[in-house]
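Here the structure comes first, spelled out in structure tokens, and everything after it is commentary.
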Amino acid sequence: MENENQLIRQRKEKLQKIRELGINPYPPRCKFTHYTDEIKKHSQKIIEQNTEVSIAGRIRSLRNMGRASFAHIEDKYGKIQIYVREDKVGKDNYKLYKQLDLGDIIYVNGNVFRTKTGELTIVANKIELLTKTIRPIPVVKEKETETGEKLRYDVFADVELRYRKRYLDLLLNKDVCNVFQKRALIIKKIREFLDTNGFCEVETPILQPVYGGANARPFITHHNTLDIDLYLRIAVELYLKRLIIGGMDRVYELAKTFRNEGMDRLHNPEFTLLELYQAYGDYNDMMDLLEDLLIFLVKEVSGNNVIKIGAKEITFKKPFYRLSMIDLIKEHTDFDPSDFDRDQLIKFCKNHNIEYKEYMPTGKLIEQIFAKFVENKLIQPTYVVDFPKDISPLAKTKEDNPLFVERFELFINGEEYGNAFTELNDPIEQRDRLEKQAKLRDLGDVSANVVDEDFLEALEYGMPPTGGLGVGIDRLVMLLTNSTSIKDVILFPQMKPIK
RNA sequence: GGGCCUGUAACUCAGUGGUAGAGUAUCUGCCUUUUAAGCAGAGAGUCGAUGGUUCAAAUCCAUCCAGGCUCACCA
């Protein structure tokens, strides 16, 4: 683009001028004494003692007035104003300063004072260039109102550009930075919580010869030396269960996981899944654990047990609601699916514009009715318990009703945040269930589970009764940072390539 | 995939058939406590792309590309 060339050309010319001054525009290192927040925090002492300070950061505003200039320098903690006078820094240094642009990264050394209007300012003794930028950086201006409120002008808001050039987004939109710092905090606290509860963090294969543990289509790749296709994992369940069989009683993995399916506000092809397994536990233990974990996380992030989403307030306190899927459907539809009467269910689905396919298990119809009529009504944290067996091939059958399994999903604000069950450990029943899944696949269900012979063999060596839990970390971060799109909590979300 | 909306300068946007605009940014000049610094001047565009209608298209039509919201599907 001609125009961009103009702006870049001008900056390259400045680069040349700087080199002609005998200055390296990309020096290898820099030592500074203070971050901006330290200067602000200890300003009184620094001013009283006339302490010399030095900072490093990016030029975010420039106000040049002949032989003196003001600018704002930003580091990771915020901005501070600098005041550069030709008579103070000397002619040569001021010449360098005149060649600087918005976005350049500089070192400033000087003393601190307050201007007429009271702004804390470093009056420079010396400026050093640390990195010259040659591409113009979008300009966002800020003004503080009388009430202390910050008005922002020309905000860098193009959503596509923000995702594609995340470095600019982080630079120009401070709250974006906060979201990812919170994400880091949440993950750190999850580890802390699980570690103190006796869980061991493990790493299992991302490249798997057989994929399993969830209903989803995988990405396929190829290993050249072995000359075999491998799948990017869609879950870590079957590997973690092998570890339970091996005697690692409590394990978890924060697993980057890949599903080759649709993308939207809630789905990115790669996402982070927490899975954990606890030997000698069941799904009730998982409910207790998940409650404790979430209450802990909400406290760490928001300071109390309440999250605000728009006008809604969500309160986290023990115990969460625990309601069965069937009871919830009855409550919200006046329809009772508890007898699994397939004809009645098909009729209900057709009447209510719910997709029906011949191969769908009866439980799938029930789940779809639940999804349509109940899910978005569940605002406060609610465990939906007891799922149909035919859509839960890895969960243990309920002792008092063979149509259902010991499984729950957690719903908050109408969306799912966790999925857990008492794990099926009967190797013969497990084989039977996976083979039924394989039949579904033959009938056209592309997301059905595949039979994992190695896993079935492992189960035959005996897995203790076990509770297992999966939590979508990206969505949890969305919830705790009040983000509406998964793209806002993933630094580099998947985008279509630019043609 | 369906519906609605958006795409114009580096950034934020105006412009609904008749010579491509504004503010910011950039460049030049003046300016040593400014702060969305100011004043004066200048440069900067494949109007998302391609085709069509028209004497004339940023504007109307078609197709495509990219994005957002939403519904459906999918965990």
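Just so it is clear: chains get the letters A, B, ... in the order the sequence lines come, proteins before strands, and each one is counted from 1.
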Mind checking A/Glu409 for me? I need base, sugar-phosphate or nothing, with any heavy atom below 4.0 Å counting as a touch.
base

Rounded to the nearest angstrom, tell me the gap between atom CG in A/Asp264 and atom P in B/C73.
12 Å

Please give the distance between the C1' atoms of B/G45 and B/A40 as a whole number of Å.
25 Å

Within the 4.0 Å heavy-atom criterion, would you say A/Lys372 contacts the bases, only the backbone, or no part of the nucleic acid?
nothing

Looking only at atom P, what distance separates B/U59 and B/G52, rounded to whole Å?
14 Å

Quick check: any donor-acceptor pair below 3.5 Å linking the side-chain of A/Gln81 to the base of B/U34?
yes

Counting Watson-Crick and G-U wobble pairs only, both distances under 3.5 Å, name the nucleotide matched with B/A58, or none.
none

Verify, without hydrogens or angle tests, whether A/Tyr211 (side chain) and A/Leu232 (backbone) share a donor-acceptor contact under 3.5 angstrom.
no

Paired nucleotide for B/U33 [Watson-Crick or G-U wobble; both distances under 3.5 Å]:
none

Integer-rounded Å distance: B/A10 C1' and A/Arg162 CZ:
18 Å

With both distances under 3.5 Å as the test, what is the Watson-Crick or G-U wobble partner of B/G17?
none

Integer-rounded Å distance: B/C11 C1' and A/Asp101 CG:
15 Å

Under 5.5 Å between ring centres and under 30° between planes: true for A/Tyr153 and the base of B/A36?
yes

Using Watson-Crick or G-U wobble geometry with both distances under 3.5 Å, which nucleotide pairs with B/C47?
none

Check whether any side-chain heavy atom of A/Val53 lies under 4.5 Å from a side-chain heavy atom of A/Asn111, and answer yes or no.
no

Identified pairing partner of B/A66, criterion: Watson-Crick or G-U wobble below 3.5 Å:
B/U6

Students often get this wrong, so: under 4.0 angstrom with heavy atoms, is A/Leu172 touching a base, only sugar-phosphate, or nothing?
nothing

A/Ala157 near the nucleic acid: base, sugar-phosphate alone, or nothing, with a heavy-atom cut-off under 4.0 Å?
sugar-phosphate

OP1 or OP2 of B/G68 less than 4.0 angstrom from a side-chain nitrogen or oxygen of A/Lys487, does that happen here?
yes

A/Lys116 side chain: which of B/C74, B/U34, B/A66 is closest?
B/U34

A/Asp445 or A/Asp158, whichever maps to the more 5' nucleotide of RNA chain B:
A/Asp158

Listed nucleotide nearest any side-chain atom of A/Met495, set B/G67, B/A25, B/C73
B/G67

Reckon A/Val155 touches a base, only the sugar-phosphate, or nothing at all at heavy-atom distances under 4.0 Å?
sugar-phosphate

Polar side-chain atom of A/Lys377 near backbone of A/Phe373 as donor-acceptor pair, under 3.5 Å
yes

Complementary nucleotide of B/G1, counting Watson-Crick and G-U pairs under 3.5 Å:
B/C71

Return no unless some side-chain N or O of A/Lys150 is found under 4.0 Å from OP1 or OP2 of B/A36.
no

Of all the choices, B/U34, B/A66, B/C74, which nucleotide is nearest to the side chain of A/Arg63 once you look at every atom?
B/U34

Side-chain contact check for A/Val139: nearest option of B/A37, B/A25, B/G67 is B/A25

Mind checking whether A/Phe387 and A/Tyr283 have ring centres under 6.0 Å apart?
no

Interatomic distance at C1', B/G48 relative to B/A57, whole Å:
16 Å

Side-chain donor/acceptor of A/Asp87 to base of B/U32, under 3.5 Å:
yes

Take atom P in B/A44 and the same atom in B/A9, then report the distance between them in whole Å.
15 Å

Quantified in whole Å, what is the C1' atom distance between nucleotide B/C60 and nucleotide B/G17?
8 Å

Which of B/U33, B/C11, B/A66 is nearest the side chain of A/Arg85? It is B/U33

Do the side chains of A/Arg475 and A/Glu415 get close enough for a salt bridge, i.e. N-O under 4.0 angstrom?
no

Nearest to the A/Met65 side chain among B/A66, B/U33, B/C27, which nucleotide is it?
B/U33

To the nearest Å, how far apart are A/Arg9 CZ and B/A10 P?
14 Å

I'd like the C1' distance from B/U46 over to B/A20, given in whole Å.
13 Å

Does the plane of the ring in A/Tyr83 sit parallel, tilted or perpendicular to the ring in A/Phe113? Use 30° and 60° as the thresholds.
tilted

Where do A/Glu48 and A/Lys45 land on the salt bridge (Lys or Arg N to Asp or Glu O under 4.0 Å) test, with the steps shown first?
CA-CA 5 Å; A/Glu48 275 169 13; A/Lys45 197 174 154 197; over 6 Å; no

Below 6.0 angstrom between ring centroids: does that apply to A/Phe320 and A/Phe408?
no

Can you tell me, in whole Å, how much space there is between the C1' of B/C47 and that of B/U33?
44 Å

Within this structure, what is the OH-to-P distance between A/Tyr83 and B/U32, rounded to whole angstrom?
9 Å

Using the P atom on both, measure B/G51 against B/A10 and round to a whole Å.
23 Å

Under a 3.5 Å limit for both distances, which nucleotide forms a Watson-Crick or G-U wobble pair with B/A40, could you say?
B/U28

Interatomic distance where CE belongs to A/Met360 and C1' belongs to B/C74 [whole Å]
11 Å

Of the nucleotides B/U34, B/C74, B/U24, which one has an atom closest to the side chain of A/Glu261?
B/C74

Using a distance-only criterion (donor-acceptor N/O pair, under 3.5 Å, no hydrogens), is the base of B/U32 paired with the side chain of A/Arg67?
no

Under 4.0 Å, counting only non-hydrogen atoms across every strand here, what does A/Arg259 touch: a base, just sugar-phosphate, or nothing?
sugar-phosphate

Closest to the A/Gln6 side chain, choosing from B/G67, B/G43, B/A25
B/G43

Does A/Lys141 put a side-chain nitrogen or oxygen below 4.0 Å from OP1 or OP2 of B/G23?
no

Would you check if A/Thr481 and A/Arg183 make a side-chain contact, meaning some heavy-atom pair closer than 4.5 Å?
no

Please classify the nucleic acid contact of A/Leu161 as base, sugar-phosphate, or nothing, using heavy-atom distances under 4.0 Å.
sugar-phosphate

How is A/Glu119 classified with respect to the nucleic acid when contacts are heavy atoms under 4.0 Å: base, sugar-phosphate, or nothing?
base

Between A/Ile59 and the options A/Asp104, A/Asp101, A/Ile82, the side-chain contact (heavy atoms from CB on, under 4.5 Å) test singles out A/Asp104

For atom CG of A/Asp154 and atom P of B/C11, their distance in whole Å
11 Å

Atom pair distance, as rounded to whole Å: CD1 in A/Ile82 and P in B/U32
17 Å

NA contact type, A/Ser69, heavy-atom cut-off 4.0 Å: base, sugar-phosphate, or nothing?
nothing

